[in-house]
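Below you'll find the structure, written out as structure tokens, and then a few comments.
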Amino acid sequence: MESENRSGPPRRVVGFALLLTLIVAITYGNSFSGDFVLDDAKFLELEQSPDLANVAGRLAAVAAGQIRSVGNLGFTLNYLLIGDTPWAFHVGNFLVHLATALVLFDLLRRLLSAPYWQDRYAGVAAELALVVALIWAVHPLATMGVTYLIQRYESQAALFYLLTLYCVTRSCLADDWRWAAAAIAMCGLAIGTKEAAISAPLIAIALDRAMFASSWKQLLRKRGWAYGGMLLVTAYVALQLRPAFETGTSHNLSVSGLDPVTRWEYLCTESQVITHYLRLALFPYPLCFDYEWPIARSFGEYAASGLFVLGLLAATFYALWRWPPVGVAGLLFFCVLAPSSSFVPIADPAFEYRMYLPLASIVLLCVIGGYELWRRFSPADGRLRRYLPIAAVSLVTMLFAGMTLQRNQVYRSAETVWRSVVELRPDHVRAHHNLAKILKDEGRIDEAVAILDRSLRQVEDAPAAAAALEIELGEIAAGQGRLDASKGYFRQAIERLNSLPTQTTETLRRSAEAHIGLGAVLQQQGEHAAAAESFVTATELRPGLYPQAHGMAGVSLREQGELAEAERQLDQAVKQSDANQPWRRELAIVYFQQGELKQAADLYEHWRQSHPTDIEITLRLAWLRAAAAPDDVRDVDEAKRLTESLVDQLGPQLPLLDLAAIILAAEGKYAEATRLCKSAIDLRRRSGGDLAPIESRLQLFESRRPFRSANPSELY
């Protein structure tokens with residue numbers, strides 16, 4: 001039976017929970033006004049992510065055990081119950097964070113009052129649990145997991161992770177199989193939210209053995225079935241993660257953005273990152289949204305941090321032997337960080353949200369350690385002995401809460417996020433680049449150019465970084481109509497990237513983008529041969545990834561009259577892009593110019609189904625249906641319908657009068673066709689155009705013959 005009275009009366013516990021709720025609400029009260037930032041809109045705006053409203057689909061994904069499906073379902077429930085505005089998702093994130101803090105409080109309260117401690121902490125279990133939960137909940141290092149909306153995956157996974165340990169604890173204290181069954185469900189929800197929770201069964205087993213089971217035999221006899229269920233769930237997720245593990249290794253995934261990284265290099269780098277995380281847990285300033293952490297290559301770079309982390313690991317295993325509950329807290333820290341901070345290279349070595357749950361271990365150890373020191377060295381004076389801890393906790397809470405309130409303001413918009421990084425790290429190229437893009441998109445071109453120019457001067461000796469900035473400057477110059485300046489930026493970027501001794505995926509991507517930008521400028525200036533060459537180079541640098549480069553190359557080749565090669569490039573663009581892209585339209589025109597009238601008509605028809613207001617294509621198709629020589633292309637009734645729709649839109653213009661005359665002749669109404677054709681000739685004469693084509697058609701109509709042609713120049 002659980003010893004509820006060992007940690008204080010229920011009224012006191014409820015009061016502490018309400019106090020925790022109030023302080024957390026005050027601390028995150030200014031976060032609700034933030035907008036969608038960076039990846040938020042991509043995953044949470046209904047227009048960009050319509051699957052957000054697909055409840056059945058997301059429930060099916062959870063049932064199928066797909067990675068992060070529970071996290072996705074959480075956002076869908078947020079949408080259904082609260083709304084889809086940024087405010088609604090901020091409320092949802094806050095509720096998840098508050099629930100996690102309350103679960104942490106009650107979990108620690110029960111653990112500290114458990115029989116294992118033999119009354120060492122039972123009398124102050126609720127107070128110690130409150131202090132840990134409170135400091136953790138207002139700690140600014142946790143802000144990224146709360147205020148940056150899309151990082152709810154981290155906070156929600158932490159909630160279910162702690163609920164797994166909570167259910168295990170309740171099962172152990174009450175010897176109740178129902179709590180053990182609930183632990184399996186919570187473990188599945190944790191891992192289904194984010195793969196970082198994959199260590200939940202290990203920590204649950206370690207906690208049980210450290211505090212409740214007197215032997216491994218007893219543990220397996222009483223709750224072995226529950227841990228088997230947890231391990232079964234995690235094994236399934238581990239199998240799904242295997243491809244990501246193999247990709248990160250065999251392909252030397254680029255972590256720094258430029259350099260390939262091996263497992264060993266990433267592991268050594270993470271020793272620096274973990275040391276930094278620990279420093280921020282104790283003194284959370286300055287915090288940075290994007291560290292762009294460099295990879296540790298030489299022994300001297302990671303020797304000290306590596307030895308430090310190895311020492312902490314050794315201390316953790318020693319504690320598991322001598323003081324098992326303390327060792328479990330240290331083990332939780334390392335196990336939760338392991339998926340992102342071990343030997344599998346991932347996109348960025350350091351992000352603060354990864355410390356969301358591991359931070360609780362650090363706070364717990366610090367609070368328990370501080371309490372032990374206070375017990376041993378506290379002053380004899382009763383009032384000082386009583387109020388000094390309260391003052392210390394209040395001071396730390398107010399300091400951290402104030403820093404969190406300030407940190408929440410960073411996430412108001414994408415601009416404030418990147419400005420915070422630029423202010424902290426003036427040499428941070430990615431931050432300057434992204435801030436400039438935001439300013440450019442908002443029309444603040446001068447500010448964007450100033451930022452890029454300043455950053456470019458700082459990285460002149462780093463070819464890849466400088467090239468990225470020059471590409472952005474080239475795009476801005478092109479948008480301003482400064483085409484020569486734009487060409488200069490793109491060419492300089494290409495030269496810098498070509499000078500690199502080793503080409504990586506990232507440098508190839510940037511080089512391809514520079515070639516596409518240069519080709520677009522050359523195309524605007526009518527230099528189609530050079531433009532086509534630049535576009536084709538981009539497609540060769542990264543095959544299959546730039547359908548627009550294939551398409552634009554096809555347009556320039558068509559302008560040069562190289563129709564066969566234009567057809568090949570446009571065909572590649574069509575295969576690699578969706579139907580809304582213009583490449584089917586451009587390919588149809590190439591077919592037409594080559595005299596492949598059936599293929600041209602079919603593509604014109606296909607394009608018009610999704611773009612009925614495209615006047616040029618409608619006119620081209622009407623001419624083919626009215627006068628094309630092949631019988632399988634010609635359709636006079638459709639030509640008549642298309643022409644009537646064009647007249648309704650444009651009025652009786654010369655090309656339409658000419659076309660209408662051709663249709664009348666095709667219907668055998670030669671007198672009307674002759675009369676209309678003469679009207680077209682009068683209009684052409686007044687406009688000063690070439691009369692020969694229309695006059696030749698007039699002669700046909702007067703001799704009671706329709707106009708037919710397989711010559712593209714005569715059909716449009």
Side-chain angles (χ1 to χ4, degrees), residues 37-40 67-68 71 93 96-97 100 104 136-137 139-162 190-191 193-200 202-203 237 241 244-245 248 253 255-256 261 263 266-296 305 308-309 312-313 316 329-365 404 407 410-411 417 421:
V37 300
L38 307 177
D39 290 338
D40 289 347
I67 294 174
R68 300 200 180 187
N93 276 31
V96 169
H97 181 59
T100 308
L104 178 62
W136 173 82
H139 200 293
L141 188 55
T143 310
M144 194 179 209
V146 184
T147 314
Y148 186 13
L149 294 175
I150 201 62
Q151 294 309 332
R152 186 191 299 181
Y153 290 106
E154 196 76 29
S155 57
Q156 187 172 303
L159 172 60
F160 289 127
Y161 197 118
L162 291 178
I191 299 167
T193 300
K194 192 172 184 181
E195 52 274 20
I198 201 167
S199 61
L202 172 63
I203 300 302
V237 175
L241 291 173
F245 174 84
L253 185 63
V255 176
S256 68
V261 177
R263 285 184 180 185
Y266 188 81
L267 180 64
C268 294
T269 301
E270 285 304 307
S271 70
Q272 297 178 322
V273 174
I274 291 172
T275 303
H276 181 71
Y277 286 159
L278 289 168
R279 203 272 296 166
L280 290 178
L282 300 175
F283 186 72
Y285 182 86
L287 298 175
C288 186
F289 173 80
D290 183 5
Y291 285 94
E292 203 174 39
W293 200 281
I295 298 301
S305 61
F308 176 69
V309 172
L312 289 179
L313 280 168
T316 296
L331 190 64
L332 184 145
F333 172 84
F334 284 108
C335 285
V336 176
L337 281 178
S340 61
S341 299
S342 55
F343 49 82
V344 181
I346 55 179
D348 287 281
F351 265 124
E352 290 166 2
Y353 66 80
R354 294 171 187 161
M355 273 293 287
Y356 184 82
L357 182 55
L359 177 63
S361 292
I362 305 303
V363 175
L364 172 62
L365 293 174
T404 295
R407 192 68 186 158
V410 168
Y411 293 94
V417 166
V421 181

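Just the heavy atoms: all of them, side chains too, but no hydrogens, waters or symmetry mates, feed the values below.
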**Asked** Does the Arg152 side chain pair with the main chain of Thr147, one donor and one acceptor, at a distance under 3.5 Å?
**Response** no
**Prompt:** Where is the tightest heavy-atom contact between Ala281 and Ile362, given as atom of each residue plus distance?
**Reply:** CB-CG2, 3.9 Å
**Item:** Between CD on residue Glu292 and CG on residue Asp348, distance to nearest 0.5 Å
**Value:** 8.5 Å
**Prompt:** Less than 4.5 Å apart, any side-chain heavy atom of Tyr148 and any of Asp40?
**Reply:** yes
**Message:** Once rounded to the nearest 0.5 Å, what's the spacing between atom CD1 of Ile274 and atom CG of Leu313?
**Reply:** 7.5 Å
**Request:** Applying side-chain hydrogen bond (donor to acceptor under 3.5 Å, both in side chains), name anything that partners Tyr411, two or more places apart in sequence or on another chain.
**Result:** none
**Request:** Evaluate the side-chain proximity of Leu365 to Phe333: yes if any heavy-atom separation is below 4.5 Å, no if none is.
**Result:** no
**Complete:** Rounded to the nearest 0.5 angstrom, the NE2-CH2 distance for His276 and Trp293 is 5.0 Å
Enumerate, atom names and distances included, each donor-acceptor pair closer than 3.5 Å involving a side-chain atom of residues 334-347, sequence neighbours excluded.
from	atom 1	to	atom 2	distance (Å)
Ser340	OG	Leu337	O	3.3
Ser341	OG	Glu270	OE1	2.8
Ser342	OG	Ala338	O	2.5

**Request:** Could you tell me which non-hydrogen atom of Ala360 sits nearest to which non-hydrogen atom of Leu104, and how far apart they are?
**Result:** CB-CD2, 4.2 Å
**Close side-chain approach of Gln151 and Tyr356, heavy atoms under 4.5 Å** = no
**Request:** Enter the distance from Met144:CE to Cys288:SG here, rounded to the nearest 0.5 Å.
**Result:** 8.5 Å
**Prompt:** Taking it one step at a time, do Met355 and Leu280 satisfy side chain to side chain contact (heavy atoms under 4.5 Å, CB included)?
**Reply:** CA-CA 10 Å; Met355 273 293 287; Leu280 290 178; over 6 Å; no
**Prompt:** Any side-chain heavy atom of Thr404 sitting closer than 4.5 Å to one from Val146?
**Reply:** no
**Asked** What's the shortest heavy-atom distance between Pro349 and Ile295, and which atoms?
**Response** CG-CD1, 4.1 Å
**Request:** May I ask you to establish whether Arg354 and Tyr277 are in a cation-pi arrangement, using a distance under 6.0 Å from NZ or CZ to the six-membered ring centre and at most 45° from the ring axis?
**Result:** no
**Prompt:** What heavy-atom pair brings Leu332 and Ser361 nearest, and what distance separates the two atoms?
**Reply:** CD2-OG, 3.1 Å
**Request:** Using the six-membered ring wherever Trp is involved, compare the ring planes of Phe351 and Tyr353 and label them parallel, tilted or perpendicular (cut-offs 30° and 60°).
**Result:** parallel
**Item:** Ser271 versus Val309, closest heavy-atom pair with distance
**Value:** O-CG2, 3.6 Å
**Asked** Would Arg407 and Glu352 satisfy side chain to side chain contact (heavy atoms under 4.5 Å, CB included), going step by step from the backbone distance to the final call?
**Response** CA-CA 12 Å; Arg407 192 68 186 158; Glu352 290 166 2; 4.2 Å; yes
**Item:** From CA spacing to verdict: side chain to side chain contact (heavy atoms under 4.5 Å, CB included), Thr193, Tyr161
**Value:** CA-CA 10 Å; Thr193 300; Tyr161 197 118; over 6 Å; no
**Item:** Side-chain donor/acceptor of Trp136 to backbone N/O of Leu357, under 3.5 Å
**Value:** no
**Request:** Please name the pair of heavy atoms, one in Thr269 and one in Pro294, separated by the smallest distance, quoted to 0.1 Å.
**Result:** CG2-O, 3.6 Å
**Asked** Are Glu154 and Lys194 close enough for a salt bridge, meaning some N to O gap below 4.0 Å?
**Response** yes
